[in-house]
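Below, all heavy atoms of this structure are taken into account, side chains as well, without hydrogens, waters or symmetry copies. Chain naming here is simple, since letters A, B, ... match the order of the sequence lines and numbering starts at 1 in each. Because the structure is predicted, anything quoted here is derived from the model rather than measured.
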Protein chains: 2
Amino acid sequence: MSGYSPSEAATRSGFSLDTLRYYEKIGLLSDIGRTSGGRRVFTDDDLGWLVLFRCLRDTGMPIAEMCRYAELARAGEHTAGERHALLRRHAERVEEQMRLLQRQYDHLREKIRFYEGSG
Amino acid sequence: MSGYSPSEAATRSGFSLDTLRYYEKIGLLSDIGRTSGGRRVFTDDDLGWLVLFRCLRDTGMPIAEMCRYAELARAGEHTAGERHALLRRHAERVEEQMRLLQRQYDHLREKIRFYEGSG
DNA sequence: TTTCAACCTGGAGCGCGCTCCAGGTCAAGA
DNA sequence: TCTTGACCTGGAGCGCGCTCCAGGTTGAAA
């Protein structure tokens with residue numbers, strides 16, 4: 001509860017200060033609160049968004065698509081279906097990505113075994 | 001056995017023609033044969049390297065590190081230990097990457113379930 | 001009151017991995 | 001012989017996602 005300073009938000013989200021500012025600049029984050037002196041104050045809700053963005057970035061979603069998702073969410077409850085579909089499509093891509101990664105990891109292990117066999 | 005044209009090599013490796021030329025330019029590929037007219041001819045051995053590069057790139061190895069590996073291989077059999085270690089270190093990073101991807105994929109699925117629960 | 005680390009803005013710069021382009025050459029088929 | 005598409009080289013350009021910088025402000029602790 002209450003608010004978090006930029007550096008707290010950075011620590012908790014795993015994004016750098018510059019990245020947080022960048023995300024606000026491009027409209028991925030919006031309506032981040034300010035103190036009277038102009039400093040950012042992140043809410044628990046903002047932190048929740050950052051956790052989601054961390055998840056989406058780590059799974060390879062382009063920033064443009066995260067912006068799209070955030071826009072839809074801001075537009076209201078009636079976009080829930082579209083948001084759902086967007087996440088499902090992304091999940092499918094992630095599954096493909098995981099299969100590829102596993103396959104190539106297996107190749108890599110085989111290559112490593114080759115070194116061990118002839119060492 | 002026999003040789004492959006650039007476009008054949010591209011198709012078989014999944015790299016673009018420009019990428020093949022780029023890899024040769026930076027020294028990742030070396031000693032690619034030429035016809036009398038100056039056109040590239042890829043051997044089965046070259047194709048084998050490309051398969052390895054595909055594996056390493058797909059698992060996130062930076063090009064600089066692939067260059068290092070290729071250099072070691074060119075230097076001779078006495079670098080086998082170092083090449084082995086390099087691949088093992090990479091495999092560990094890939095394992096970490098897979099764990100993260102799985103974790104974030106689980107988060108994503110949970111988020112998707114949330115949409116299905118309240119839909 | 002002074003200090004100083006954390007913060008602000010706008011905008012330039014960067015590292016990576018290609019990708020594209022201009023202007024020319026080569027070679028196989030009609 | 002002519003055409004045409006695949007290929008050549010050197011070098012510029014690009015898209016992404018930050019990252020850094022200059023120059024200034026804020027605010028809590030000493």
Quickly work out the [X] [atom1] to [N] [atom2] distance and round it to whole Å.
X     : N      : atom1 : atom2 : result
A:R21 : D:dA22 : CZ    : C1'   : 13 Å
B:L20 : C:dC20 : CG    : C1'   : 16 Å
B:I63 : C:dT19 : CD1   : C1'   : 13 Å
A:F15 : D:dT19 : CZ    : P     : 11 Å
A:R34 : C:dC8  : CZ    : C1'   : 8 Å
A:F42 : C:dC7  : CZ    : P     : 10 Å
A:K25 : C:dA12 : NZ    : P     : 10 Å
B:Y22 : D:dC8  : OH    : C1'   : 19 Å

- prompt: Where the side chain of A:P62 is defined as all heavy atoms beyond and including C-beta, which of C:dC18, D:dG17, D:dC7 is the nearest nucleotide?
  reply: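 Of the options given, the side chain of A:P62 lies nearest D:dG17.
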query: Which listed nucleotide (C:dC18, D:dC7, C:dC7) is nearest to the side chain of B:T19?
result: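 My answer, after comparing the listed nucleotides, is C:dC18.
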query: What is the ring orientation for A:Y115 with B:Y69, classed by angle as parallel under 30°, tilted 30 to 60°, or perpendicular over 60°?
result: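 Aromatic pair A:Y115/B:Y69 classed perpendicular.
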message: Ignoring hydrogens and geometry beyond distance, is the side chain of A:D18 in donor-acceptor contact with the base of D:dC18 at under 3.5 Å?
response: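 Counting by modelled atom types and ignoring angles, no donor-acceptor contact under 3.5 Å is found here.
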- prompt: Do B:R39 and C:dC26 share a donor-acceptor pair, side chain to base, under 3.5 Å?
  reply: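 Checked by distance alone, the answer is yes.
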Pair A:H90-A:E65, side-chain donor/acceptor within less than 3.5 Å: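 Side chains of A:H90 and A:E65: no pair found under 3.5 Å.
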message: Assuming nearest nucleotide by heavy-atom distance, tell me which of B:S16 and A:E24 is located more 5' along DNA chain C.
response: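 Nearest-nucleotide comparison on DNA chain C picks A:E24.
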Is [X] near enough to [N] that one of its side-chain N or O atoms lies under 4.0 angstrom from OP1 or OP2?
X     : N      : result
A:R40 : C:dC8  : yes
A:Y23 : D:dC18 : yes
B:S5  : D:dC7  : yes
A:S7  : C:dC7  : yes

- request: Would you please test A:I26 and A:C67 for side chain to side chain contact (heavy atoms under 4.5 Å, CB included) and show each step?
  value: CA-CA 8 Å; A:I26 64 174; A:C67 286; 4.3 Å; yes
task: Only one of A:Y23, A:F53, A:W49 passes ring-ring contact (aromatic ring centres under 6.0 Å, His included) with A:F15; say which it is.
output: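 Exactly one option meets the ring-ring contact (aromatic ring centres under 6.0 Å, His included) with A:F15, and it is A:Y23.
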- prompt: Do you know the tightest heavy-atom contact between B:V41 and B:G3?
  reply: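 Closest pair (atom of B:V41, atom of B:G3, distance): CG1-CA, 3.7 Å.
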